Amino acid sequence: MVDVTLVAVSGAGSSGALPLIGTWLPHTLAEPEHFSTTEVVLLLSGIAVSVTLFFQRFGPILNRILHSKKDADFSLRPIGRRVWDFFWEVLCQGKVIRQRPLPGLAHAFVFWGFLAFALVTTNHIANGLHVGFLSPESYVGEFYFSFAAAWAVLVAIGITGLFIRRFFVRPIWLGKKVSVESGWIAFLIFLLMVSYLGAFFVSPGSAAVKALWWTHTLTLLAFLPLIPHTKHLHLVISPVTVFLKRDGFSKIPPLSGDEDFGLVTGKDVTQLVALQVYSCVECGRCTEHCPAANTGKVLNPKEIALGVRSYLNELGPASDVALLAEARPETKFAELLSMEAVFECTTCGSCEYQCPVGIQHVPVIVGLRRGATNTGAWEDNYGTKLFLALEKNGNALGLSAMERDKFIQKESFPIFDGTQEYCLWLGCMGGYDPKGREIIADFARVMNYLGTTFGVLKKEKCTGDPARRLGNDLVFQTLAEAGLKAFETAKVQKIVAICPHCVRTIANDWREYGVAPEIEHHSEFMARHIGMLPKQTLAGDDGESIVYHDPCYLGRYRDVYDEPRAVVEQAGKLVEAPRSHERSFCCGAGGGLAFLGEEKGERVSHVRAAELAGTGAKVVGTACPFCNTMFRDALAEVSKTPPQLLDIAQLTARALPDAGNRD
């Protein structure tokens, strides 16, 4: 990009005023010297028809968005974050390029070229109306038109590459159906660039100049009304979508009152949801990284967005017809919006992270789950058992609180009394699951080694994470309020937890009902004390090879990547999985799925376990008890000699001075 642009702006112009401008072009831009009254009338008529056709389609879309339900929690603050997201994601095309470098760069060339052509196009139409303001013979005009010509070359190359990719390479993520309209759009963009560049290769005053001018103009007029009829509508609304999307990653909005049960019918679709689904460019990035879509399940995040969009197009935002297919089998959205699909989501957030146009899939999917769960439309034996366990026993495993008490007594954990620095949050897995207890016990040993005082709550209930993600707001509210009351009563100031799901839920989701004390993940705690922890080398100078798995709720949700890796590097040689950091593949436990029945298709945990075992590392390091649970059986299934599975707290604890004295 830089080289071509520099050539365009560093050549020698015919006027000699700005040396080295435009020598790569044979002439300056040639424009018609005169337009007849008939031509002016034809141009004005063409503009009127083009704009009218554009608004005939775009007007109803805009009307559906504006007449959708208002988002109760929407606020423009913090405006700084919105401005930065707009700058990075829209103007810089940061997400587009980062996630798919080659096609992303081709798309960026087209976008930046359109920005460069804004002034060219305005002047082009103004010339036809005898009010042109930028002459190709002026110093500024010569520079700018040559600069735009360089972008025209890049746009032509970029759109050709995108055309070949969509119609010949045809990655499966783009969908089985090839859009003819996309081909026409690509052709019109290419024709715009060619007709502009052609004006540098003809003599001023020739018949060819007028022919090229009208070709460029008619292409522009044909292009405009096609935009709202295709996925290219994102050219108009996706910048607004990126700017207005909810603050915070995969933020689940609060319900707006006692009559709000989630996304049940068209009347429940909010303005942000409508804006986002109409922004979908159908690129398939969400599908490409979705663990459900990659393992033979029904869910396809792209089709969730397209399903809501189709619903709004057919029925509108005032419809009482149910959104999910199972509640309206007589209508035609079964393949796009099904209860089976929305309850296969692990809420890993990979779809939202990848989306280049600001669509926040997880809140939409959880909204649909809310509508099904809160109205009783979702009937699932495992789900019912889970909710009853949370209500009756206060933990997702359905065990008696006495089991947690026995564990606390066995490990001699002090009860938090307000004098200790930290409240150690056990969570369901740390308090009741045997392997989770081992992680908690080892982390407690690490805290003792560091001389950090801590205690555990005498009584502790689940954070409500699985209920929240499965859409049961009543159970979640009950648990959140109980948890906030417990912290207040115990005068807790700081919390540390081994579970990223607990950390996310307490720190973010509980805010609907009150502000919890400061909480951090145990990877963050240990990373802050890394200089005080012993370094171990168990197998040679580099240590034992350890492949680290990024948990979704620690990585994408909290942007914590370096801290657990620092802890792993204290314990051995860090090995990266093929998909790591932001692209880490889910373990399959999130979204409450750890407590539901057997999966359809290939198991998500097995796919990820095979990938981790395939690195050849001797140890798989985890930083989430749910990930640890999912990989226990999966590693044995996918490998004859499975690597050892250890949490980062266990990796650290085995190097402590009394490690050999453990039972």
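No experiment lies behind these values; they were computed from the predicted model shown. Positions are given from 1 along the sequence.
For the residue pair Asn628 / Thr622, a side-chain donor-acceptor distance below 3.5 Å is found, with atom types taken as modelled. In this structure, a donor-acceptor pair under 3.5 Å is absent between the side chains of Arg285 and Gln99. Side chains of Glu352 and Ser250: a donor on one and an acceptor on the other come within 3.5 Å. If you check the side chains of Asn374 and Asp473, you find a donor sitting under 3.5 Å from an acceptor. There is no side-chain donor-acceptor pair under 3.5 Å between Glu569 and Tyr548. Inspection of the Asn300 and Thr287 side chains reveals an N or O donor paired with an N or O acceptor under 3.5 Å. In the model, Ser584 has a side-chain atom that pairs as donor or acceptor with a side-chain atom of Arg608 under 3.5 Å.
Checked by atom type and distance alone, the side chain of Lys95 pairs as donor or acceptor with a backbone atom of Cys355 at under 3.5 Å. Using a distance-only test at 3.5 Å, with no hydrogens or angles considered, a donor-acceptor pair links the side chain of Thr347 to the main chain of Gly591. Glu344 places no side-chain N or O within 3.5 Å of a backbone atom of Met339 that could act as its donor or acceptor partner. The main-chain N or O of Arg246 is found under 3.5 Å from a side-chain atom of Gln360 such that the two form a donor-acceptor pair. In this structure a side-chain-to-backbone donor-acceptor pair under 3.5 Å is missing from Tyr432 to Gly398. Side chain of Gln570 to backbone of Leu533: a donor-acceptor contact under 3.5 angstrom is found. Panel note: side chain Glu460, backbone Gly427; a donor-acceptor pair is recorded below 3.5 Å. A donor-acceptor pair under 3.5 Å is absent between the side-chain atoms of Gln644 and the main chain of Lys618, judged by distance alone. Using a distance-only test at 3.5 Å, with no hydrogens or angles considered, a donor-acceptor pair links the side chain of Lys297 to the main chain of Glu602. Between the side chain of Gln650 and the main chain of Asp647, a donor-acceptor pair closer than 3.5 Å is present.
The side-chain tip of Arg579 points at the ring of Phe585 from less than 6.0 angstrom away and within 45° of straight on.
Separation of atoms NZ (Lys251) and CG (Asn508) is listed at 9.0 Å; rounding is to 0.5 Å. Note that the OG1 atom of Thr505 and the CZ atom of Arg511 stand 12.0 Å from one another [nearest 0.5 Å]. To the nearest 0.5 Å, atoms CG (Asp559) and CG (Leu554) are separated by 9.5 Å. The CD1 atom of Ile519 sits 13.0 Å away from atom NZ of Lys494, with the distance rounded to the nearest 0.5 Å. The structure places CG of Asn395 at 10.0 Å from CD of Glu403, a figure rounded to the nearest 0.5 Å. Taking OH of Tyr353 as the start and SG of Cys552 as the end, the distance is 13.0 Å to the nearest 0.5 Å.
In the displayed structure, Glu391 atom CD is contacted under 6.0 Å by more than 12 heavy atoms of other residues, nucleotides or ligands. Other residues, nucleotides and ligands contribute more than 12 heavy atoms inside 6.0 Å of the CG atom of Asn448.
Just one of His521, Glu563, Glu524 meets the side-chain hydrogen bond (donor to acceptor under 3.5 Å, both in side chains) condition when paired with Arg558; it is Glu524.
Of all the heavy atoms in Thr373 and Leu470, the pair that sits closest is OG1-O, 2.9 Å. Counting all heavy atoms, side chain and backbone alike, Phe595 lies closest to Tyr382 at O-CB, 3.7 Å.
If you look at Phe525 and His529, their ring centroids are closer than 6.0 Å. Ring pair Phe626/Tyr553: centre-to-centre distance not below 6.0 Å. Taking the six-membered ring wherever Trp is involved, the centroid distance between the rings of Phe416 and Trp425 does not fall below 6.0 Å.
Looking at Arg632 and Asp433, a side-chain N of the basic residue comes within less than 4.0 Å of a carboxylate O on the acidic one, giving a salt bridge. One finds a salt bridge joining Arg565 and Glu576 here, because a Lys/Arg side-chain nitrogen approaches an Asp/Glu carboxylate oxygen to under 4.0 Å. Salt bridge annotation for Glu582-Arg98: present, with a cationic side-chain nitrogen under 4.0 angstrom from a carboxylate oxygen.
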Exercise. Start with the C-alpha gap between Glu411 and Arg437, add the side-chain angles, then the distance that decides, and say whether salt bridge (charged side-chain N to carboxylate O under 4.0 Å, His left out) holds.
Key: CA-CA 10 Å; Glu411 296 293 334; Arg437 288 175 173 178; over 6 Å; no
Practice problem: May I have the step-by-step check of side chain to side chain donor-acceptor pair (under 3.5 Å) for Arg583 and Ser580, ending in yes or no? | Solution: CA-CA 5 Å; Arg583 287 175 172 251; Ser580 64; over 6 Å; no
Quiz item: Between Glu544 and Lys573, does a salt bridge (charged side-chain N to carboxylate O under 4.0 Å, His left out) hold up when you go through it step by step?
Solution: CA-CA 6 Å; Glu544 191 172 26; Lys573 180 182 179 181; over 6 Å; no
Quiz item: Can you check side-chain contact (heavy atoms from CB on, under 4.5 Å) on Phe443 and Met526, steps first, answer last?
Solution: CA-CA 9 Å; Phe443 180 58; Met526 289 188 289; 3.9 Å; yes
Self-check item: Lys245/Glu89 under salt bridge (charged side-chain N to carboxylate O under 4.0 Å, His left out): CA gap, chis, key distance, verdict
Solution: CA-CA 12 Å; Lys245 65 182 178 180; Glu89 295 182 26; 2.9 Å; yes
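The side-chain hydrogen bond (donor to acceptor under 3.5 Å, both in side chains) search around Glu512 returns Arg468, not counting sequence neighbours.
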